[in-house]
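Read the structure below first, then the notes.
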There are 2 protein chains.
Amino acid sequence: MNETKTTDADSEIAGTGTLGKAMAVLEAVVTAGGPQRFTDIVQSVGQPRGTVHRLLSHLVEEGLLAQGRDLSYEPGLRLLKLAYRSWSGNRFRDIAEPHLLRLHELTGETVHLGVLQETEIIYVDKVESRQTVRMSSQIGKASPAYCTGIGKAALSSLSQPELLRIAAKTRFHPFTAHTHRSAAGLLAEIDEIRRDGHAFDREEHEAEICCVAAPIFVPEHDLVAGVSVTGPAYRVNMAQLAAWANVVREAAGKIEEEVRMRLGPGRNGR
Amino acid sequence: MNETKTTDADSEIAGTGTLGKAMAVLEAVVTAGGPQRFTDIVQSVGQPRGTVHRLLSHLVEEGLLAQGRDLSYEPGLRLLKLAYRSWSGNRFRDIAEPHLLRLHELTGETVHLGVLQETEIIYVDKVESRQTVRMSSQIGKASPAYCTGIGKAALSSLSQPELLRIAAKTRFHPFTAHTHRSAAGLLAEIDEIRRDGHAFDREEHEAEICCVAAPIFVPEHDLVAGVSVTGPAYRVNMAQLAAWANVVREAAGKIEEEVRMRLGPGRNGR
DNA sequence: AACAGAGTTCCACATAATGGAACTGACTCA
DNA sequence: TGAGTCAGTTCCATTATGTGGAACTCTGTT
């Protein structure tokens, strides 16, 4: 993962010239969720109409956006195609996969693999429980690190200054009654996690959903990640999760080891 | 007919200016599969070293690429994140999903949803058979249209001139013994498919894999797509597939109808 | 007919991209 | 030890590209 020192405190506009602006427009359309009209987009990226118009037509030409008959803009298929290829060529995910499958067999519940990226964790793989209603892929989904099992596990591998930097950057949104509301609580829990080697999510991000997670940390490759086993609170109580902590930690350890082995020294894991 | 091979090799130098060049570099890295060194990249996009170097650093700054300790470049997580959001906000996929689930329940086999994009079909959703060994998401994967069930079904909705244009553009690669080797055979089969309303894949893309597919066509939204039910040849023979043709056609019809209803006139489906 | 609101085009201007060449540093091998 | 090679990085005069305010076109409205 890239740390992007960048001194991101200051204005982030146009650090990357034209590409930066184009990405801002793309992001605006993708983030919006629905189709966006020209004027909406001009609004949300505060750039002049002429500029936005040209950027949009370039993005459409490139297939990153698609334009409908009513002239509205939506994400194009090129993004999916690119993402699929980058995902399927991802060696970290590839190495981890068999371990995720084993973990799923042992527990019967959903297994996640996620990578820390600043204050968020990004899910890069998932083995779904057979009992799950919704089968949708969540790969690429970003969740806050401070209120997810994998997130907290990953944070626990960071050096204290790094952790503090991230914590300072985090906006603590109260998703449920159990969500940390400030850095203090999070930091205290991270201490425990460091001691135990595993983290719990006690319905902190979504009600009725909890998990056990363990960190995967390979500093040589800037890889700060984690695995988790997740289930609905009615089926997996804390005792059950605690009982799984060992296998989760073991899986994480094996992945870590194998990444070190197979990715060699000095390479980049993600 | 005219230029345009597969991706933008050199057909048009830079229709989209800087963005086009940046995307060419990104594509080069993503396509490569493994980590790419600076020199490799310079090679594969025939641009001057200085230029490529700057493009790469912008792409890294934007998070579209990640650079490892050994200076090599890999796809960054930003792509996954963008793709996830564009996928989960996709209304066509959303509308189709329940129909895919139903189809899966009826048949017990893997169900695919794909959109035609020139000579390729891009998978935008999938409901996996419980019996499948590999659970990996194939969303975003691109396969040739001429040798897949969904691809041929989708092609059968096109007007004859459009079809001929695509057929002329297609490179017929002999994946298996049953793959079409030329446009002639494909066009003849498309005629049948138009008559029947459904298409088969008789191990044309992968040995031991076959499917039935039906077209989803909503010209008002420039949507040319298809659904399929796929299985391994040893489990689902042609008779079985033929027996499923009806339910697949029905599902496709319902999706088509619902897209028309819910997306309204003049909007863009994809 | 006048107006408003959305999208598109134009073009003088300046910024940002360009790319050839020079620089650095790590290895190799004689 | 030093010439030789190769990879990555930086420099900077040149100019192609992107910029953005303003004018223009459509469509629909009152």
Side-chain angles (χ1 to χ4, degrees), chain A residues 2 4-6 10-29 32 34-62 64-74 76 222 264-268, chain B residues 8 10 12-29 32 34-62 64-74 220 222 264-268:
Chain A
N2 48 4
T4 47
K5 47 283 310 254
T6 50
D10 51 64
S11 63
E12 57 203 273
I13 307 190
T16 50
T18 307
L19 178 64
K21 278 181 197 153
M23 290 306 296
V25 171
L26 179 58
E27 190 92 24
V29 175
Q36 290 290 99
R37 290 171 320 150
F38 176 67
T39 314
D40 301 333
I41 300 168
V42 169
Q43 282 266 334
S44 57
V45 305
Q47 296 276 336
R49 298 153 58 75
T51 301
V52 173
H53 193 268
R54 181 175 27 79
L55 290 172
L56 282 169
S57 48
H58 284 177
L59 287 164
V60 168
E61 257 184 273
E62 286 294 327
L64 294 168
L65 292 179
Q67 189 166 24
R69 297 270 167 101
D70 68 348
L71 306 182
S72 68
Y73 296 88
E74 285 189 296
D222 300 314
R267 268 299 188 70
N268 179 22
Chain B
D8 36 24
D10 58 49
E12 282 175 50
I13 326 245
T16 51
T18 308
L19 179 63
K21 277 181 198 152
M23 290 305 296
V25 171
L26 179 58
E27 191 92 26
V29 175
Q36 291 288 100
R37 290 171 319 149
F38 176 68
T39 313
D40 301 333
I41 300 168
V42 169
Q43 282 265 333
S44 55
V45 304
Q47 297 275 341
R49 298 154 59 74
T51 301
V52 173
H53 194 268
R54 181 175 30 77
L55 289 172
L56 282 169
S57 46
H58 284 175
L59 288 164
V60 168
E61 255 184 276
E62 285 295 327
L64 294 167
L65 293 179
Q67 190 167 24
R69 298 272 167 101
D70 67 348
L71 304 182
S72 68
Y73 296 89
E74 284 190 296
E220 309 92 281
D222 300 315
R267 270 300 188 67
N268 179 22

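All chains are named by letter (A, B, ...) in the order of the sequence lines, taking the proteins before the strands, and each is independently numbered beginning at 1.
Nucleotide C:dC10 holds its P atom 11 Å from the NE2 atom of A:His53, rounded to whole Å. Regarding B:Gln67, its CD atom lies at a distance of 16 Å from the P atom of D:dA7, rounded to whole Å. Residue A:Phe38 contributes atom CZ, which lies 11 Å from atom C1' of C:dT9 at whole-angstrom precision. Between B:His58 atom NE2 and D:dG18 atom P the separation is 13 Å, expressed in whole Å. Here C:dT8 presents its P atom at 14 Å from CG of A:Leu55, a figure rounded to the nearest Å. One can place CG of B:Asp70 at 19 Å from P of C:dG25, the figure rounded to the nearest angstrom. The interatomic distance linking B:Leu56 (CG) with D:dA7 (C1') rounds to 14 Å, in whole Å. Counting to the nearest Å, the P atom of C:dG5 and the CG atom of A:Asp40 are 15 Å from each other.
Distance from the side chain of B:Thr18 is smallest for C:dA17 among the nucleotides D:dT10, C:dA17, C:dT9.
In this structure, CE on A:Met23 lies 12.5 Å from CD on B:Glu61, to the nearest 0.5 angstrom. Rounding to the nearest 0.5 Å places CG of A:Leu26 at 9.0 Å from CG of B:Leu19. Of the inter-residue distances, the one linking B:Ile41 atom CD1 with B:Arg49 atom CZ reads 12.5 Å to the nearest 0.5 angstrom.
For the pair A:Thr39 and A:Leu19, nearest-nucleotide mapping onto DNA chain C gives the more 5' position to A:Thr39.
Judged purely by distance below 3.5 Å, without hydrogens or angles, the side chains of A:Thr16 and B:Glu62 pair a donor atom with an acceptor atom.
Residues meeting the ring pair (Phe, Tyr, Trp, His ring centres under 6.0 Å) test with A:His58, sequence neighbours left out: none.
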With B for base contact, S for sugar-phosphate-only contact and - for none (protein heavy atoms under 4.0 Å), nucleotides 20-28 of chain D reads BB-------
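Test B:Val25, B:Leu56, B:Val29, B:Leu59 against B:Leu64 for side-chain contact (heavy atoms from CB on, under 4.5 Å) and you get one pass: B:Leu59.
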